[in-house]
Protein chains: 2
Amino acid sequence: MFTYRYPHPAVTADCVVFGLDEACPPTVPDPGSRRGSDTDARELTVLLIQRDLDPYAGAWALPGGFIRLDEDLDAAARRELEEETGVRDLYLEQLAAFGAPDRDPRERVITIAYLAIVNLFEHPVAAATDARNAGWFALDELPRLAFDHELILETALARLRSKHREEPIAFEFLPAKFTLRQVQSLYEAIQGERVDKRNFRKKLLATGVIIPLDEVEMDVAHRAAQLHRFDRERYEALRDEGYRWNA
Amino acid sequence: MFTYRYPHPAVTADCVVFGLDEACPPTVPDPGSRRGSDTDARELTVLLIQRDLDPYAGAWALPGGFIRLDEDLDAAARRELEEETGVRDLYLEQLAAFGAPDRDPRERVITIAYLAIVNLFEHPVAAATDARNAGWFALDELPRLAFDHELILETALARLRSKHREEPIAFEFLPAKFTLRQVQSLYEAIQGERVDKRNFRKKLLATGVIIPLDEVEMDVAHRAAQLHRFDRERYEALRDEGYRWNA
DNA sequence: GCAAAAGTGTTTATGATACACCCATGC
DNA sequence: GCATGGGTGTATCATAAACACTTTTGC
């Protein structure tokens, strides 16, 4: 038992983990798969877990849990995420604290929410997740969520969109070598609107941080696209000189 | 005494309150004041309190304190701010949670930090603050701060600048009726660089949300400037249609 | 040869920047 | 009348937007 002179709230770290579905237009062979790829509309997805225990037993919720007293907030977020879903090594940034007094029926619980992005191309094992009771949901097919997790998720989505306009966060979703088409589909998935291919490519290449490689994608049923990489060092150098990414 | 089955951290809400110095080029008479106003360089300032108690007794710190168990996070921030400084009725938004395990020597303390802006034109009484031990500091004349409050302050300043580029947050510092010169000085104070007067005014008026009034400022020792107001409703309507403020 | 997606340029419109002088007022 | 800040316009440049066809590859 732990005793204090003043009342203390419980504090959790919860994660809103975004991924992309249709995650396998592979840069490595993938024989036998029969993706029609007639449409390349990718979709943002979110990682949820199904709760075992009350409150909200059986309901879906954001992965997360109580922080330990000797642990940093983001370490707690990563630890809980891995324990509950098996997902690790991903982009993670703090989103906001949620602390309405009655948001948990058990006791006062303050949640530090994190926004995370998992690269399902390079961690395909994560796509399934280790956990029986975890799953990916498209944003327009979400189940009802426990606690105020719908509010947290909406906040995370708004932040993802806003952040995406100001920083090249899109590449967190993509493999190290990607096609411009993938970038464009991702932009369209995040912003929810289509863009002109020629203008998009022109602007992207004009930044100078997207480097064309002497390689093309493999095993596609049509002309193979050239691969590119994101030059993060160069981007950060430019940014520190005052350059502003704008998508 | 309060007892729990698992350890709980303490949680505080602390505020980084920004203001503007040289706060009295008045829209109402101010006889007897002898402001040279030879320069109109305004400066961002921050509201700090001097701690009575250990740890860090005597050091300056951000105003704030422990949240109550039945109180919303932002309500706690407002309450503590008013208790400690007398400042109320101000713009307030959540900044981030700070929770390094050893940031407070007493026990594990997680701080939900808030970014606040006080309008010293319309709440001039707040300029002094009710509290003996509170004071405004220019950003380049800060004392050493308690805990990790320097980190929090830096984070707040970065957020203020970034937010200022994306939303018309500047008007939180200004009175309902302001001159374009005031807006420009404020922009320069926040962004730390000078801008061209003609281009600035052109762009500001082109937004359609800055409305010229049939009034001029009073009691200035030179030609009086026209007053304007910010049409917040119109701004919000435009924004909801997809318009993006950009400073 | 056909289906599917890759790749490519020009024109136009819009917004950003650079730049200097006269005006109104208080003293 | 002079000092102080208020107020104004145009030309240039850079970026964004609109727009459609040819090429490559696998089947």
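These figures come from a predicted structure and were not determined experimentally. Here is the naming used below: chain letters follow the sequence lines, and residue numbers restart at 1 for every chain.
- Note: CZ (F200(B)) to P (dA16(C)) measures 13 Å, nearest angstrom.
- One atom, NZ of K203(A), and another, P of dT10(C), lie 21 Å apart when rounded to the nearest Å.
- The number of heavy atoms from other shown groups lying within 6.0 Å of CZ (R234(B)) does not exceed 12.
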**OP:** Please test E217(B) against K177(B) for salt bridge (charged side-chain N to carboxylate O under 4.0 Å, His left out), starting from the C-alpha separation and ending with a verdict.
**Re:** CA-CA 9 Å; E217(B) 61 181 338; K177(B) 299 174 180 181; over 6 Å; no
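- The nearest heavy atom of DNA chain D to T179(B) and to D196(B) marks one nucleotide each, and the one closer to the 5' end goes with T179(B).
- One can place CZ of R244(A) at 16 Å from P of dA16(C), the figure rounded to the nearest angstrom.
- Within 4.0 Å (heavy atoms only), K202(B) reaches at least one base atom of the nucleic acid.
- Interface remark: the R198(B) side chain does form a donor-acceptor pair with the dA20(C) base, using a distance-only criterion of under 3.5 Å.
- Atom pair L180(B):CG and dT8(D):C1' shows a separation of 12 Å (rounding to whole Å applied).
- Regarding R223(A), its CZ atom lies at a distance of 7 Å from the P atom of dT25(D), rounded to whole Å.
- Aromatic pair F173(B)/F121(B): centroids not less than 6.0 angstrom apart.
- Distance D219(B) CG to dT25(C) C1': 13 Å, rounded to the nearest Å.
- In this model, a side-chain donor or acceptor of K197(A) finds a partner on the base of dG7(C) within 3.5 Å.
- We find that CG of N199(B) is positioned 14 Å from C1' of dA14(D), with the value rounded to whole Å.
- Salt bridge status for E93(B) with K163(B): present, with a side-chain N to carboxylate O gap under 4.0 Å.
- What separates CD of Q184(B) from C1' of dG6(D) is a distance of 12 Å, to the nearest Å.
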